[in-house]
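These notes are about the structure you will find just below.
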Amino acid sequence: MTSRVRIAPSPTGPLHIGTARTALYNFLHARHVGGTFILRLEDTDQVRSTVEFEKDILDGLHWLGLDWDEGPEVAGEPARGPHAPYRQMERLPSYEAAAQRLLALDMAYPCYCTPEELEADRKAQEAAKQPPRYVGRCARLTVDERRAREADGRRGALRFRVGEGIVAFDDLIRGRVEIDVANLGGDFVIVRADGTPLYHFTVVVDDAAMEMTDVIRGEDHLSNTPKHILLFRALGHEVPRFAHLPLILNPDRTKMSKRKSQTAIDDYIAQGFIREALVNYLALLGWSTGTEEEILPLDELIERFDIKDVHKGGAVFDRERLEWMNGQWIRRLDPDDLIDRLRPFLEAEKVAGRIERIPSDEEVRALLPVIQERLPTLGAIGDLVGFLWVSDVDVDPQTLVPKRWDPPTTRAGLAAAREAIDAVGDVSFEADELEPPLRALAEERGWKAGDLFMAIRVAVTGRTATPPLFDTLVALGRERVLARIDRAIEVLPA
RNA sequence: GCCCCCAUCGUCUAGAGGCCUAGGACGCCACCCUUUCAAGGUGGAGAUCAGGGGUUCGAAUCCCCUUGGGGGCACCA
């Protein structure tokens, strides 16, 4: 049978790094083995689920290039795949039917315990240093007793009988795992008193209905797997294979969380990380090719990926390494592509008031040779060359004076440089034409070229670190260079 | 508290009994290149392979124990 895998996010928050990685691994596995990648929305938590988050998650997965073969309808696009709907709140009847079946088989029973009773049980167990578990108060209720409680107006939640014994399975990544049913915490609730189904139940009903063959998910579900296996069996369905991925960790090695790390894919996108880098980085967080290659495009990842090579230990998310990889990928982008991707960031700079005008594609293209290898992220564009698109720059008199120079020398240097630059003229205002006269000037006056260049750099950009000076002067244009040097001379202390 | 999982440089990792006086990458430090900043190049510091027992002629690699870390035990997902 061909392999069927899925990503089943819950729209209770923006697309999370961990969800993205799980989606990626499922996607890589599906594509590698020629299987089917399914997207299912688990929105049964009505309180926390929103359509905004739903859209955010879908957009994020698309952005990453993780396209699914089967999934829910979105924005007018019909659902894809033979198992629609792919949104759990639209599948309520199937959970209801499954619940009725388990009830009829007495594999599940209504539980009328109140939250207070349950809470009291829990406290007592905690005090006795016992693991929390459902005590089974409603497990043996007779039909009459149930009827009496219903007559009292009490609505029962539905609990699944876990029974006893050992549940074992062969995890694709971890090997054989055996868990005693006695450690599951007793009979667990599968349907709330209000009739809405719970995660452990819906996930199994759907995985069964959608014919999933491999369930690839985070290690945090490892301990829950026996519950799922029990449910698959109770439902009379074949149990899929499981693969539990190592967790992505905060620097303190706890499960990656919003509180301690940046977890929203949106934020990475907004900062100018590109999909190739994020995908490449995430793929290598918990898996490796076994070789020393690390810059790998998606098609290459698909070709090399094997679920059996996934690591067992958790991996700390290292933003520095992601940034390095992002730089690697930015350098590999085609000019037109880079220009397109830079545009939203230039617009954002404008909106934020950090630049006054958005440059044309041609302007940006001319800059590419000197900025492409200097961008760790797309968002760094403003910081790098934003001085090009503002009318004036603030020049700090202190930094304007090179370390080995004093104000008078700087004044003389800038004045002489202005003259030399002016002499180059408009027509030949190019890097190759500007450099010789300025070097000659430095030599003639006995200045270190670096000092003279630094004074000019600060005068025209307001900063000490910029792309190569002559390219910068050309990008600025003759008029502005001359004007900015004039202004700089004015701010110099007397 | 109970159950489960995990354990190689600070971090991501290579390593599936001898090729390991443990390799690569990020980060860090030098140097080279160089007008600054990057990029690139070269070199360096950095892991007694968590510790202890076995098995074996031989163990980072296999087994056991200990320790440490993590995850799970909801009418959340």
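FYI, side chains are in, hydrogens and waters are out, and symmetry mates aren't considered; it's all heavy atoms of this structure. Letters A, B, ... are given to chains in the order of the sequence lines, protein chains preceding strands, and every chain is numbered from 1.
- A donor and an acceptor atom never sit less than 3.5 Å apart when one is taken from the side chain of A/Thr254 and the other from the base of B/rG70.
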Pair up each side-chain donor or acceptor in residues 375-390 of chain A with any protein partner under 3.5 Å, not counting sequence neighbours, and list the distances.
from     : atom 1 : to       : atom 2 : distance (Å)
A/Thr377 : OG1    : A/Gln271 : O      : 3.4
A/Thr377 : OG1    : A/Ala380 : N      : 3.4

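- Between A/Lys260 atom NZ and B/rG70 atom C1' there is a gap of 12 Å when expressed in whole angstrom units.
- Distance check on atom C1': B/rC26 versus B/rU21 gives 25 Å, rounded to whole Å.
- Classification of A/Arg439 and A/Glu435 as a salt-bridged pair holds, one side-chain N sitting under 4.0 Å from a carboxylate O.
- Summarising the local packing, CD of A/Glu145 is surrounded by more than 12 heavy atoms from other residues, nucleotides or ligands at distances under 6.0 Å.
- Heavy-atom nearest nucleotides on RNA chain B were determined for A/Leu247 and for A/Leu384, and the one closer to the 5' end corresponds to A/Leu384.
- Comparing B/rC37, B/rG72, B/rC5 by their nearest atom to the side chain of A/Lys255 picks out B/rG72.
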Might you list the N or O atoms of the protein lying below 3.5 Å from N or O atoms in nucleotides 64-66 of chain B, with each pair's distance?
none

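- The stretch residues 124-139 of chain A touches RNA chain B through A/Lys129, A/Pro131, A/Pro132, each having a heavy atom under 4.0 angstrom from the strand.
- A cation-pi contact, defined as under 6.0 Å to the ring centre and within 45° of the axis, links A/Arg159 to A/Tyr134.
- As rounded to the nearest Å, B/rU56 and B/rU13 have P atoms that lie 35 Å from one another.
- Rounding to whole angstrom units, NE2 of residue A/His244 and P of B/rC5 are separated by 12 Å.
- Across the C1' atoms, B/rG40 and B/rG23 are found 22 Å apart, a figure rounded to whole Å.
- Residues from residues 366-376 of chain A that place a heavy atom under 4.0 Å from any atom of RNA chain B, listed by number: A/Glu373, A/Arg374.
- What separates NZ of A/Lys448 from C1' of B/rU34 is a distance of 12 Å, to the nearest Å.
- Rounded to whole Å, the C1' atom of B/rG17 lies 6 Å from the corresponding atom of B/rA59.
- Using a 30° and 60° split on the angle between ring planes, A/Tyr281 and A/Phe317 fall in the perpendicular class, above 60°.
- By the neighbour-count criterion of 12 heavy atoms within 6.0 Å, atom CD of A/Glu443 is sparsely surrounded, having that number or fewer from other residues, nucleotides or ligands.
- The gap from the C1' atom of B/rG68 to that of B/rG51 amounts to 10 Å, rounded to the nearest Å.
- As rounded to the nearest Å, B/rA14 and B/rA47 have C1' atoms that lie 14 Å from one another.
- Aromatic rings of A/Phe188 and A/Phe201 (six-membered ring for Trp) have centroids beyond the 6.0 Å cut-off, not under it.
- Between the side chains of A/Asp187 and A/Tyr109, at least one donor-acceptor pair of N or O atoms lies under 3.5 Å.
- A donor atom on one side chain and an acceptor atom on the other are not found under 3.5 Å apart for A/Asp206 and A/Thr202.
- Heavy atoms from other residues, nucleotides or ligands lying under 6.0 Å from CG of A/Asp394 number 12 at most.
- Spacing between B/rA25 and B/rC9 at atom C1', rounded to whole Å, works out to 12 Å.
- Below 30°, between 30° and 60°, or above 60°: for A/Tyr199 and A/His228 the angle between ring planes is above 60°, a perpendicular geometry.
- Note on A/Leu469: a base of the nucleic acid sits closer than 4.0 angstrom, heavy atoms only.
- Annotation: side chain of A/Leu184 is in contact with side chain of A/Lys227 (closest heavy-atom distance under 4.5 Å).
- Here the closest heavy-atom approach between residue A/Ala283 and residue A/Leu24 is recorded as N-CD2, 3.6 Å.
- Checked against the 6.0 Å centroid threshold, A/Trp287 and A/Tyr25 do not count as a close aromatic pair.
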Whether each nucleotide of nucleotides 6-21 of chain B has a protein heavy atom under 4.0 Å at its base (B), only at its sugar-phosphate (S) or at neither (-) is summarised, 5' to 3', as S----BSSS-------
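- Rounding to whole angstrom units, CG of residue A/Asp180 and P of B/rC3 are separated by 10 Å.
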Tabulated below should be each protein N or O lying under 3.5 Å from an N or O of nucleotides 75-77 of chain B; please produce it.
from   : atom 1 : to       : atom 2 : distance (Å)
B/rC75 : O2     : A/Ala193 : N      : 3.0
B/rC75 : N4     : A/Cys113 : O      : 2.8
B/rC76 : OP2    : A/Arg192 : NE     : 2.6
B/rC76 : OP2    : A/Arg192 : NH2    : 2.9
B/rC76 : O3'    : A/Arg192 : NH2    : 3.3
B/rC76 : O2'    : A/Asp45  : OD2    : 2.5
B/rC76 : O2'    : A/Arg48  : NH2    : 3.0
B/rC76 : O2     : A/Arg48  : NH2    : 3.4
B/rA77 : OP1    : A/Thr44  : OG1    : 3.0
B/rA77 : OP1    : A/Arg192 : NH2    : 3.1
B/rA77 : OP2    : A/Tyr199 : N      : 3.0
B/rA77 : O3'    : A/Ser10  : OG     : 3.2
B/rA77 : O3'    : A/Glu42  : O      : 3.3
B/rA77 : O2'    : A/Ser10  : OG     : 3.0
B/rA77 : N6     : A/His200 : NE2    : 3.3

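- A donor and an acceptor atom sit less than 3.5 Å apart, one in the side chain of A/Arg457 and one in the base of B/rU35.
- Counting only N and O atoms by type, the side chains of A/His221 and A/His244 include no donor and acceptor under 3.5 Å apart.
- Base pairing analysis places B/rU61 opposite nothing; no Watson-Crick or G-U wobble pair with both distances below 3.5 Å involves it.
- With rounding to whole Å, A/Leu322 atom CG is found 19 Å from B/rA25 atom P.
- To the nearest angstrom, P of B/rU35 lies 13 Å from CG of A/Asp471.
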